[in-house]
Student: 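The structure that follows is given in the form of structure tokens.
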Amino acid sequence: MEAENHSHIVLVVGRRDYVLETLSGLLERAGYSVLTAMEDDQVIEKLKSAQPDLLLIGGGVEPNSRLGFRRFVVSQMPEVKIVEHFGGPATLVSEVNQALGVRGAMAN
């Protein structure tokens, strides 16, 4: 059975365009709607305007920025899940599926 995740929006934050392209491509193939942001102000703007279901923070994002995103989400949008992804793309979709409670994900 294919994942029922087409209604989920994931905001992917990273500092390198090739990383954002890779991560967003994997998530889109898994059925997610994906937004990306590289700059801190873009992240906050997209959180407010798109109201994603999950904020995915890539490994290259600085600790102070990570903390700022977490504080914003916890105080302003507590329904948004947060995944901090460190490492290769192999576990990305399963981490997102688990955070969102999606079952029956497509095999990698």
Side-chain angles (χ1 to χ4, degrees):
M1 183 167 112
E2 190 171 310
E4 295 289 331
N5 54 5
H6 294 279
S7 63
H8 292 293
I9 300 170
V10 178
L11 174 56
V12 181
V13 181
R15 298 300 193 222
R16 307 228 186 294
D17 57 355
Y18 70 90
V19 172
L20 289 178
E21 288 174 18
T22 300
L23 298 180
S24 61
L26 288 167
L27 292 170
E28 286 170 349
R29 284 191 292 282
Y32 289 101
S33 296
V34 180
L35 302 169
T36 62
M38 292 180 70
E39 303 295 329
D40 290 7
D41 58 341
Q42 291 176 326
V43 175
I44 300 303
E45 179 182 313
K46 288 184 180 186
L47 281 167
K48 290 178 182 178
S49 65
Q51 299 183 340
D53 300 291
L54 186 136
L55 174 64
L56 176 71
I57 305 170
V61 177
E62 303 81 11
N64 286 341
S65 294
R66 289 174 181 280
L67 183 58
F69 302 150
R70 281 189 162 282
R71 284 182 176 159
F72 179 82
V73 169
V74 168
S75 68
Q76 303 292 320
M77 308 178 79
E79 69 282 0
V80 174
K81 307 290 186 217
I82 300 172
V83 170
E84 294 192 53
H85 179 72
F86 299 95
T91 60
L92 175 70
V93 173
S94 62
E95 289 176 38
V96 170
N97 287 342
Q98 183 177 3
L100 291 171
V102 174
R103 297 183 181 270
M106 299 180 342
N108 292 351

Student: Could you check whether any side-chain heavy atom of Pro52 comes within less than 4.5 Å of a side-chain heavy atom of Val10, counting everything from C-beta outward?
Tutor: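 They are not in side-chain contact.
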
Student: Considering the options Val61, Ile57, Val13, which one meets the side-chain contact (heavy atoms from CB on, under 4.5 Å) requirement together with Glu84?
Tutor: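 For Glu84, the side-chain contact (heavy atoms from CB on, under 4.5 Å) check succeeds only for Ile57.
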
Student: What distance do Ser24 atom OG and Arg29 atom CZ have between them, rounded to the nearest 0.5 Å?
Tutor: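 Nearest 0.5 Å value for the OG-CZ distance: 8.5 Å.
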
Student: What about Met38 and Tyr18, same hydrophobic cluster or not, with Ile/Leu/Val/Met/Phe/Trp/Tyr joined at side-chain heavy-atom distances under 4.5 Å?
Tutor: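 Yes; tracing contacts between hydrophobic side chains, which count when under 4.5 Å, links both residues.
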
Student: Considering residues, nucleotides and ligands other than Arg15, do more than 12 of their heavy atoms fall under 6.0 Å from its CZ?
Tutor: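 Yes.
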
Student: Looking at Ala37 and Lys46, what are the two nearest heavy atoms and their distance?
Tutor: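 That closest heavy-atom pairing would be CB-CD, 4.3 Å.
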
Student: Rounded at 0.5 Å granularity, tell me how far NE2 in His8 sits from CG in Asn97.
Tutor: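 Answer rounded to 0.5 Å: 8.5 Å.
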
Student: Do side-chain atoms of Arg66 reach the backbone of Gly58 as a donor and acceptor pair under 3.5 angstrom?
Tutor: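 Indeed, once roles are kept as given, a pair shorter than 3.5 Å links the two residues.
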
Student: Would a single hydrophobic cluster contain both Leu55 and Met77, if residues Ile, Leu, Val, Met, Phe, Trp and Tyr are joined by side-chain heavy-atom contacts under 4.5 Å?
Tutor: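 Yes; tracing contacts between hydrophobic side chains, which count when under 4.5 Å, links both residues.
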
Student: If you define the side chain from C-beta out and look only at heavy atoms, does anything of Thr91 sit under 4.5 Å from His85?
Tutor: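 Side chain of Thr91 against side chain of His85, heavy atoms only: contact under 4.5 Å found.
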
Student: Please indicate whether Glu28 has more than 12 foreign heavy atoms, meaning atoms of other residues, nucleotides or ligands, lying under 6.0 Å from its CD.
Tutor: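 Enclosed.
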
Student: Identify the heavy atoms of Asp53 and Ser7 that sit nearest to each other, and give their distance.
Tutor: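 Closest heavy-atom pair between Asp53 and Ser7: OD2-O, 3.6 Å.
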
Student: Surrounding CG of Asp17 (heavy atoms of other residues, nucleotides or ligands, distance under 6.0 Å), is the total greater than 12?
Tutor: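 Counting neighbours around CG of Asp17, more than 12 heavy atoms of other residues, nucleotides or ligands fall under 6.0 Å, so yes.
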
Student: Quick one: OG1 on Thr36 to CG on Leu27, what's the gap to the nearest 0.5 Å?
Tutor: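 Nearest 0.5 Å value for the OG1-CG distance: 11.5 Å.
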
Student: Return the minimal non-hydrogen interatomic distance between Leu35 and Ala50, and the atom names on each side.
Tutor: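 Heavy atoms only, the tightest pair is CD1-CB, 3.2 Å.
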
Student: Out of the candidates Leu100, Leu56, Ile9, only one should pair with Tyr32 under the side-chain contact (heavy atoms from CB on, under 4.5 Å) rule; please name it.
Tutor: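 In the set Leu100, Leu56, Ile9, the residue that makes a side-chain contact (heavy atoms from CB on, under 4.5 Å) with Tyr32 is Leu100.
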
Student: Determine whether Ile44 and Phe72 make a side-chain contact, defined as any pair of heavy atoms from C-beta on separated by less than 4.5 Å.
Tutor: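 They are in side-chain contact.
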
Student: Can you check whether Thr22 reaches Leu92 side chain to side chain, under 4.5 Å on heavy atoms?
Tutor: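 With C-beta onward as the side chain, the pair stays apart.
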
